[in-house]
Colleague: 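Structure in structure tokens, see below.
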Number of protein chains: 2
Amino acid sequence: MARRAAPVLHRDNPDKEPLSGHVKVTPEDWLNVARDLLVSEGVAGVKVLAIGERLGVSRSSFYWYFKSRKHLLEALLDDWEARNTAPILDHCEMPATNISWAVCNFFRCFVDPDLFDASLDFAVREWSRRDGKVRNRIDAADAQRLAAVTAMFERHGFSAYEAEARARILYFMQCGYHALEVREPMQARTARLEGYLLGFTGVEPDPEAVAAARIFAEGKMDP
Amino acid sequence: MARRAAPVLHRDNPDKEPLSGHVKVTPEDWLNVARDLLVSEGVAGVKVLAIGERLGVSRSSFYWYFKSRKHLLEALLDDWEARNTAPILDHCEMPATNISWAVCNFFRCFVDPDLFDASLDFAVREWSRRDGKVRNRIDAADAQRLAAVTAMFERHGFSAYEAEARARILYFMQCGYHALEVREPMQARTARLEGYLLGFTGVEPDPEAVAAARIFAEGKMDP
DNA sequence: GCGACCCTGGACAGTCTTGTCCAGAAAAAT
DNA sequence: ATTTTTCTGGACAAGACTGTCCAGGGTCGC
């Protein structure tokens, strides 16, 4: 199935009344609602009837577009894979004057929801705990992302061993933090990013980068 | 409901054949199997029929001990609360000659499965994502544990602000790491603990503590 | 031995889910 | 305007799960 650049095209049909008696839904509509449900209720919440109700159509419409619920779940997985890994790889490869800035670039992915959909990522991660195939895809994604972070540290002069150790901590710590869905006050988030820089860049952090980190942490995205 | 010290008393009845035609099960049996299922399959997997099958008895036995499935889930929550918070508090309060050792003590909880059942903790955490009441209890537990870690840093001379920042990173990082269920090689785990010590104790780590950390990380528990 | 209480098995109703089938409406092609 | 293609609604079957009910078997105190 051809993978587009994931245009989020929720039905722009706010009035519940069908346009002309016949409601048209596309496979993307089913997929979008399915994704919402995956995030908010887990894979068990992705039910054909529930999606249909939210779209305002009957279940049989679903079976016109998808062979079965299983096929929908596979499409959902493809969709996730296309969305969430590329931004991390991109940001790890961005030019940075020193390791402090590089860590800031990495961190940026996790602050800006447009770059990385953390809710989606952890909905899939949760799903993977009950499904071996999903688990394999998560593992592959983690390996790919981790390799990018490791390469980032290596480009800034760390040995292969140290780069991997630091990459593991940085990446999994960030993911884990998101996974917990901690309600974190802004001040705490700033302190946390400073902690990353102090603890894991391995050198005295660049003061300018620390200043930028504060700005990132506060959600302002273009310093 | 009186809370015992949670003696794990799985039915020691390996042969499936009932002892004398009449199988005896206790409420603890139902609870133990329910806990197993919560961990391995999530709250959706905690089904009366499934537990009964594993115990080798019919569902109606369940309704003798528990008013409903809902009541079982509440008992499960009480059980988790009694099990998993105390060890962390205890280990944070253990005497330590310096902050490096204190961090090691904390870390020890997460390495020894008898001290802290990480699988259970994150099964409950996952459950909390779909249930506001559970979420409140998780939040309360996190706050309690975090306060203990913060106090630990404060006892070793950190200011209130710094102690809290470091405690947040240390505790949530460790929890988050577990939450991801990363398959981590032993070498990586050792490197990670060293990273904690280097990054978050805030002082040049005690070499003896680092050595002890390696031992902890390798699962040997009594240096 | 005997009665009282503890506990179990199986049947039943009710709800929710997936997946199939088919008549027929709406839109597109001719 | 008519035919063809595309899509939808509702009915149906089958399976999983919860909760209720009740007859009756086991076990323990006396």
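Just so it is clear, the structure is predicted and the values come from calculations on it, not from any experiment.
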Colleague: Send over the distance from Lys67(B) NZ to dG19(D) P, rounded to a whole Å.
Modeller: 11 Å
Colleague: Arg125(A) and salt bridge (charged side-chain N to carboxylate O under 4.0 Å, His left out): which single residue from Asp131(A), Asp139(A), Asp142(A) fits?
Modeller: Asp142(A)
Colleague: Rounded to the Å, how far apart are Ile51(B) CD1 and dC17(D) C1'?
Modeller: 12 Å
Colleague: Rounded to the Å, how far apart are Arg69(B) CZ and dT18(D) P?
Modeller: 6 Å
Colleague: Measure from CG on Leu73(B) to C1' on dC17(D) and round the result to the nearest Å.
Modeller: 14 Å
Colleague: Can you tell me which nucleotide in dT8(D), dT18(C), dT18(D) comes closest to the side chain of Ser58(A)?
Modeller: dT8(D)
Colleague: Suppose we call a contact any N or O donor and acceptor under 3.5 Å apart; does that hold for the side chain of Ser60(B) and the base of dG9(C)?
Modeller: yes
Colleague: Calculate the interatomic distance between Glu53(B) atom CD and dC17(D) atom P; express it in whole Å.
Modeller: 8 Å
Colleague: In this structure, how many angstroms lie between the C1' atom of dG10(C) and the CG atom of Leu49(B), rounded?
Modeller: 13 Å
Colleague: If each of Arg59(A) and Ser61(B) is mapped to the nucleotide of DNA chain C with the nearest heavy atom, which maps nearer the 5' terminus, i.e. the 5' end?
Modeller: Ser61(B)
Colleague: Take Val134(A) and Val43(A) through the side chain to side chain contact (heavy atoms under 4.5 Å, CB included) test and state the conclusion after the steps.
Modeller: CA-CA 11 Å; Val134(A) 180; Val43(A) 67; over 6 Å; no
Colleague: Of all the choices, dT8(D), dT8(C), dG19(C), which nucleotide is nearest to the side chain of Val25(B) once you look at every atom?
Modeller: dT8(C)
Colleague: When the distance from CZ of Phe62(A) to P of dC21(C) is rounded to whole Å, what number comes out?
Modeller: 16 Å
Colleague: What's the CH2-P distance between Trp64(A) and dC22(C), to the nearest Å?
Modeller: 14 Å
Colleague: With under 30° as parallel and over 60° as perpendicular, where do the rings of Phe122(B) and Phe116(B) fit, or are they tilted in between?
Modeller: perpendicular
Colleague: Are the aromatic ring centres of Phe62(B) and Trp30(B) under 6.0 angstrom apart?
Modeller: yes
Colleague: Contact class for Tyr65(A) vs. all strands (heavy atom < 4.0 Å): base, sugar-phosphate, or nothing?
Modeller: sugar-phosphate
